[in-house]
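Data first, discussion second: the structure below is written as structure tokens.
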Amino acid sequence: QEKLIESGGGLVHAGDSLTLSCAASLRLFSARGMGWFRQAPGIERELVARISGLDTIDYADSVKGRFTISKDMANSTLYLQMDNLKVEDTAVYYCAATRRVGITSENVDYWGQGTQVTVSS
């Protein structure tokens, strides 16, 4: 069974850094597109960062310059390095994968269980 397992969430202060990890089965990791989504209470789930099967990377405007997505092929792990965290980054963060070249909100084939990130002022 294919799985995505996130870890690394927690409670931090504004300005702090946090790294999320997503361990994937090998088959999933060779899926073409992967990304990180987040969902805050009362807000639609949004795509925060993504990396395609061609290793192109995109970020939501709200996190550009602060978040970095990366892949560790040897360990089949996707990361999200989050720096200079803001209160508005508070959300449940989800790792996701698609069989297609690039992941979008509409073509996710696999979801992780989510990890809570809370940023206090």
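We count residues from 1, following the sequence as given.
No side-chain donor-acceptor contact under 3.5 Å links T115 to the backbone of S7. With N75 contributing its side chain and A23 its backbone, the two residues share no donor-acceptor pair below 3.5 Å. In this structure, the side chain of D72 does not engage the main chain of T77 through any donor-acceptor pair within 3.5 Å. Although no hydrogens or angles enter the test, the distance criterion places no donor-acceptor pair under 3.5 Å between the side chain of R38 and the main chain of V92. No donor-acceptor pair under 3.5 Å is formed between the side chain of E46 and the backbone N or O of Q39. Not one N or O on the side chain of R50 forms a donor-acceptor pair closer than 3.5 Å with the backbone of M34. In this structure a side-chain-to-backbone donor-acceptor pair under 3.5 Å is missing from E6 to L20.
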(message) Does L18 form a side-chain contact (heavy atoms from CB on, under 4.5 Å) with V117? I'd like the steps, not just the answer.
(response) CA-CA 9 Å; L18 203 60; V117 173; 4.0 Å; yes
Given the rule in the side-chain contact (heavy atoms from CB on, under 4.5 Å) test, do S25 and K3 qualify, once you have shown the distances and angles that lead to the verdict?
CA-CA 6 Å; S25 60; K3 288 185 178 180; 5.6 Å; no
Note to self: Apply side-chain hydrogen bond (donor to acceptor under 3.5 Å, both in side chains) to residues S17 and D83 and explain how you reach the verdict.
What the structure shows: CA-CA 4 Å; S17 297; D83 297 318; 2.8 Å; yes
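Remark: F37 CZ to C95 SG distance equals 10.0 Å, nearest 0.5 Å. Atom OG of S21 sits about 9.5 Å away from atom CD of Q81, to the nearest 0.5 Å. The distance from atom OG of S120 to atom CG of L11, rounded to the nearest 0.5 Å, is 5.0 Å.
When all heavy atoms of N107 and T104 are compared, the closest pair comes out as OD1-N, 2.8 Å. The nearest pair of heavy atoms linking A91 to A40 is CB-N, 3.9 Å. Of all the heavy atoms in V119 and T90, the pair that sits closest is N-OG1, 2.9 Å. Residues A97 and L4 approach most closely at N-CD1, 3.9 Å, considering heavy atoms. Residues K64 and D61 share a closest heavy-atom pair of NZ-OD1, 3.2 Å.
Considering only residues two or more places apart in sequence or on other chains, I69 meets the side chain to side chain contact (heavy atoms under 4.5 Å, CB included) condition with W36, A49, I51, I57, Y59, L78, L80. Residues forming a side-chain hydrogen bond (donor to acceptor under 3.5 Å, both in side chains) with T56 (at least two apart in sequence, or on another chain): S52.
Within the structure, the ring pair (Phe, Tyr, Trp, His ring centres under 6.0 Å) test picks out no pair touching residues 66-109 (sequence neighbours left out).
The shortest distance between side-chain heavy atoms of R66 and D89 falls below 4.5 Å.
Y110 and V108 fall into different hydrophobic clusters, defined by Ile, Leu, Val, Met, Phe, Trp and Tyr side-chain heavy atoms under 4.5 Å apart, directly or through other members.
Judged purely by distance below 3.5 Å, without hydrogens or angles, the side chains of T118 and Q116 pair a donor atom with an acceptor atom.
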